[in-house]
Amino acid sequence: MKILVTVKEVAEVEDEFEISGGDIAEQYLEYDLNEWDDYAVEEAVQISEEHDDVEVVTATIGPERAEETVRMALAKGADRAVRVWDDDVESASYLDVEAKAELLAAVVEEEDPDLVLTGVQASDESNGATGVTLAEKIGFEWAAVVNQLDLDIESGVATVHRELEGGVEELTEVESPAVLTIQSGINEPRYASLRGIRQAQSKPLDLKSLEDVGLDADVLESPLAQTDMYEPESEGDATVWSGDPEEEADQLAEFLRDKGVVEG
Amino acid sequence: MTDVLAITEHRRDELRDVSLEMVTAGRDLADQTGGDLHLAVISGDVDDYADQANREGVDVIHTVEYGEEFNHDVYTQAIEQLYAELDPQYLLAPNSVNGLDYAPAVAEGLSLPLVTDVVDLEFEDGLTVTREQYGGKVETTIDVAEDHAAVTIRPAEWAQAEGDGDATIEAFDADIDEGQIQSTVTGYEEVAGGDVDISEADFLISIGRGIDEEANITLIESLVEATDATLSSSRPIVDNGWLPANRQVGQSGKVVTPDVYIAIGISGAVQHVAGMKGADTIVTINTDPNAPIWDLADYGIEDDLFEVVPALIEEFGGEVPDV
């Protein structure tokens with residue numbers, strides 16, 4: 001059995017930042033493994049540990065810098081990795097959900113996995129749509145926002161909980177091959193061990209161009225164009241209690257007593 | 001061709017609020033395109049849902065009677081067929097957990113550009129949408145160069161439509177291929193039960209990522225004890241297993257409406273805000289002056305929680321633990 005996990009390197013923004021040229025200036029960005037993908041990797045690795053002959057392959061769309069993130073997924077137990085990137089992808093003006101799903105679909109075609117796990121969303125763009133778009137593209141069944149997964153390898157049925165709003169979960173049975181988008185909290189992602197980090201260095205990490213996966217640059221053309229990025233105007237008019245911590249605490253305490261929520 | 005088709009949402013015999021927000025968003029967009037607003041109601045007691053969704057501004061409501069609860073394979077087929085029949089310009093779906101379970105598939109099936117989690121829609125020569133990125137730190141505007149598009153709209157961003165409507169209600173006879181239904185909903189489960197109901201509390205002290213480590217929770221517990229408050233949290237604390245699910249405030253947790261809500265080390269992501277914006281008075285303790293929580297806060301302290309909280313515990317005669 002083979003599980004493909006999509007892994008994205010996301011940009012995280014520092015508290016103070018500037019926008020230039022339609023995006024956040026590079027010096028205010030830090031890169032990391034997308035939080036939701038961390039849970040997806042863990043879920044796949046746990047399945048591979050519970051069953052014999054399960055291979056976990058990660059698929060990433062990203063520049064060379066992203067290899068650090070991919071190595072982290074390998075250190076946590078994925079067996080090998082595929083990274084799709086070339087000059088055309090690099091120069092795409094807007095890599096939309098459709099284009100990402102198209103690239104990942106090409107990897108799925110090559111790898112022929114039984115199960116695809118993605119994060120529910122990426123923390124930077126928050127589209128929350130790539131997994132389900134991918135499923136429809138490759139003709140897999142799917143379930144979005146999965147926070148519990150029991151896979152019956154024999155029958156190929158995944159029994160999942162989908163986390164709905166308001167503390168309600170939907171129980172659903174999904175026939176594989178399937179794409180499941182994994183919600184945070186489904187498991188406890190492990191930290192990479194030193195041994196894992198060492199082993200990751202020698203695990204295969206293949207770079208594929210569009211041509212390698214049988215696509216041409218047309219797939220990158222998007223009907224969407226990002227025309228502006230700005231900081232939302234602060235709607236806040238909070239009264240700020242200032243001073244040293246004791247003075248601040250004093251003002252908050254006085255407020256709580258005035259409100260009558262705390263006695264004493 | 002200038003019409004808007006919006007998909008309503010229901011769950012366990014209730015039309016969800018977002019359906020009436022879609023009426024507002026959809027009417028506004030249809031006014032700009034110069035078209036009609038169509039709603040679709042799929043599965044369950046469709047006539048009852050159609051009645052409830054029949055608010056001012058809706059032109060036609062299409063009902064699809066098939067099954068009881070949401071199933072994405074049914075929704076996908078029904079919407080694609082309805083779209084082919086009506087040929088609307090824009091398709092609107094809620095950016096809910098279920099909306100995100102079918103809208104991307106429908107967009108893919110119909111070859112429509114898709115934009116999700118949209119907070120504003122403008123139509124002039126074409127469609128321009130506004131959405132957030134980087135956890136709400138920035139907003140972006142996106143132009144859609146094609147004449148048609150699918151858009152999911154963020155819940156609670158538009159007001160619920162009011163006023164009785166006089167829409168035509170039409171049954172749509174969708175041809176659902178059962179062979180394509182490959183997922184089955186077998187039931188529901190309520191989580192977040194247990195010993196405490198944070199939605200009943202008058203005074204909540206809530207913690208988020210800023211607490212850094214599980215061990216530091218004892219500090220907040222001391223404050224909770226000294227002030228006789230109730231402890232709650234944002235999602236990451238529950239995801240980490242540091243507090244049980246019944247303490248979680250937000251979209252997937254509980255909606256709370258206390259007199260006072262103190263958010264400590266909580267940035268105020270939209271999913272959290274959905275659960276606590278109804279609090280009477282919101283106080284934040286946060287080192288980041290740009291955190292979205294400041295947009296909601298009535299009072300705030302821009303300082304390190306590990307300095308302020310011990311001082312506050314002492315104010316109320318509590319004992320400050322070593323953390």
Side-chain angles (χ1 to χ4, degrees), chain A residues 13 15-16 19 24 97-98 123-129 132-133 135-137 141 143-145 161-165 167-175 184-185 188 223-232 234-236 238-241 245-246 248-250 252-253 255-256 259 261-262 264, chain B residues 11 96-97 100-101 104-105 108-109 113-117 133-135 137-146 182-192 202-203 227-228 238-239 241 251-254 259-260 283 288 290 294-295 297-303 307-308 311-312 315-317:
Chain A
V13 186
D15 287 351
E16 304 280 349
I19 294 168
I24 291 174
V97 167
E98 161 70 20
S123 63
D124 47 6
E125 288 178 274
S126 307
N127 288 313
V132 174
T133 303
E136 181 71 10
K137 222 177 248 301
E141 188 46 48
V145 194
H161 288 214
R162 295 181 56 234
E163 183 192 272
L164 305 178
E165 295 85 355
V168 177
E169 295 180 358
E170 178 199 283
L171 282 55
T172 303
E173 291 182 353
V174 186
E175 293 172 30
S184 63
E188 282 183 44
L224 308 179
Q226 186 175 307
T227 51
D228 199 8
M229 177 183 284
Y230 51 89
E231 285 188 65
S234 174
E235 294 155 11
T239 303
V240 179
W241 291 312
E246 281 73 26
E248 291 165 342
D250 190 52
L252 173 50
F255 164 81
L256 293 173
K259 267 265 166 188
V261 292
V262 188
Chain B
R11 186 206 301 165
S96 57
V97 172
L100 288 172
D101 199 43
E108 175 64 23
L114 170 70
V115 224
T116 59
D117 202 16
Q133 267 187 229
Y134 301 113
K137 285 190 167 169
V138 300
E139 286 186 353
T140 59
T141 52
I142 292 169
D143 284 355
V144 182
E146 282 181 26
Q182 287 165 337
S183 67
T184 316
V185 178
T186 57
Y188 294 88
E189 209 171 276
E190 303 272 351
V191 288
D202 293 330
F203 177 29
T227 56
D228 203 18
V238 173
D239 275 355
Q251 197 178 75
S252 50
K254 287 269 171 69
D259 296 336
V260 176
V283 180
D288 176 7
N290 294 318
W294 289 96
D295 287 348
D298 302 292
Y299 299 91
I301 293 172
E302 190 190 322
D303 209 339
E307 305 268 349
V308 178
L312 202 51
E315 276 278 348
F316 290 110

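Proteins get letters first, then strands, A, B, ... in listed order; numbering begins at 1 in each.
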Among A/Val13, A/Asp228, A/Ile24, the one residue meeting side-chain contact (heavy atoms from CB on, under 4.5 Å) with B/Val138: A/Ile24

Taking the six-membered ring for Trp, are B/Tyr299 and A/Trp241 parallel (under 30°), tilted (30 to 60°) or perpendicular (over 60°)? parallel

Mind ranking B/Ala145, B/Ala311, B/Gly187, B/Gly241 by heavy-atom pairs under 4.5 Å with chain A and telling me who comes out on top? B/Gly187

Which atoms of A/Thr133 come close to chain B, meaning under 4.5 Å heavy atom to heavy atom: side chain ones, backbone ones, both, or neither? both

Working to the nearest 0.5 angstrom, can you tell me the gap between A/His161 NE2 and B/Glu189 CD? 5.0 Å

Just jot down the side-chain contact (heavy atoms from CB on, under 4.5 Å) partners of B/Asn290, sequence neighbours excluded, or say none. A/Glu16, B/Asp288

Heavy-atom pairs under 4.5 Å with chain A: which of B/Glu307, B/Lys137, B/Glu139, B/Glu302 has the most? B/Glu139

Could you measure the distance from the CD1 atom of B/Ile142 to the CD atom of A/Gln226? Nearest 0.5 Å is fine. 5.5 Å

Pick whichever of A/Ile19, A/Asp250, A/Val174, A/Leu164 has the most heavy-atom pairs under 4.5 Å with chain B. A/Leu164

Looking at A/Glu231, I want to see if its CD is surrounded by more than 12 non-hydrogen atoms of other residues, nucleotides or ligands under 6.0 Å. yes

Looking at B/Gly317, B/Pro113, B/Gly300, which makes the most heavy-atom pairs under 4.5 Å with chain A? B/Gly300

Please round to the nearest 0.5 Å and tell me the distance separating atom NZ of A/Lys137 and atom CD of B/Glu108. 3.5 Å

Option that, when pairs with chain A are counted at under 4.5 Å, heavy atom only, ranks first among B/Asp143, B/Leu114, B/Thr116, B/Leu312: B/Asp143

Heavy-atom side-chain contact between A/Met229 and B/Gln133 under 4.5 Å: yes

A/Glu248 versus chain B, the contacting section by heavy-atom distance below 4.5 Å: both

Got a second to check how far B/Thr184's OG1 is from A/Glu173's CD, nearest 0.5 Å? 6.0 Å

Looking only at non-hydrogen atoms, find the nearest pair between A/Arg162 and B/Val97 and report the distance. NH2-O, 3.3 Å

Highest number of heavy-atom pairs under 4.5 Å with chain A: which of B/Gly109, B/Gly135, B/Ala297? B/Ala297

Residue, of B/Thr141, B/Asp298, B/Asp303, that accumulates the most heavy atom pairs under 4.5 Å with chain A: B/Thr141

Picking from A/Ser126, A/Ser184, A/Ala129, A/Ala144, which has the most non-hydrogen pairs under 4.5 angstrom with chain B? A/Ser184

Step by step, would you call A/Lys259 with B/Asp259 a salt bridge (charged side-chain N to carboxylate O under 4.0 Å, His left out)? CA-CA 9 Å; A/Lys259 267 265 166 188; B/Asp259 296 336; over 6 Å; no

Taking atom types as modelled, find out whether B/Ser183 and A/Thr172 have a side-chain donor-acceptor pair closer than 3.5 angstrom. no

Does any backbone or side-chain atom of B/Phe203 lie under 4.5 Å from a heavy atom of chain A? Answer side chain, backbone, both or neither. side chain

If we define contacts as heavy-atom pairs under 4.5 Å, which of A/Glu170, A/Glu246, A/Glu175, A/Glu188 has the most with chain B? A/Glu170

With rounding to the nearest 0.5 Å, note down the distance linking CG in A/Leu256 to CG in B/Asp228. 12.0 Å

Looking only at heavy atoms, which two atoms of B/Ala105 and A/Val132 are closest? And how far apart? N-CG1, 3.8 Å

Check against side chain to side chain contact (heavy atoms under 4.5 Å, CB included), A/Leu252 and B/Ile301: CA-CA 9 Å; A/Leu252 173 50; B/Ile301 293 172; 4.1 Å; yes

Basic-acidic side-chain contact under 4.0 Å: B/Arg11, A/Glu165: yes

Between B/Asp101 and A/Val145, is there a side-chain heavy-atom distance shorter than 4.5 Å? no

Against chain B, work out which of A/Pro232, A/Pro223, A/Ala253 has the most heavy-atom pairs shorter than 4.5 Å and name it. A/Pro223

Hits for salt bridge (Lys or Arg N to Asp or Glu O under 4.0 Å) against B/Asp239, two or more places apart or cross-chain, chain-then-number order -> B/Arg235

Say whether, by atom type as modelled, one donor and one acceptor occur between the side chain of B/Thr227 and the main chain of A/Val262 under 3.5 angstrom. no

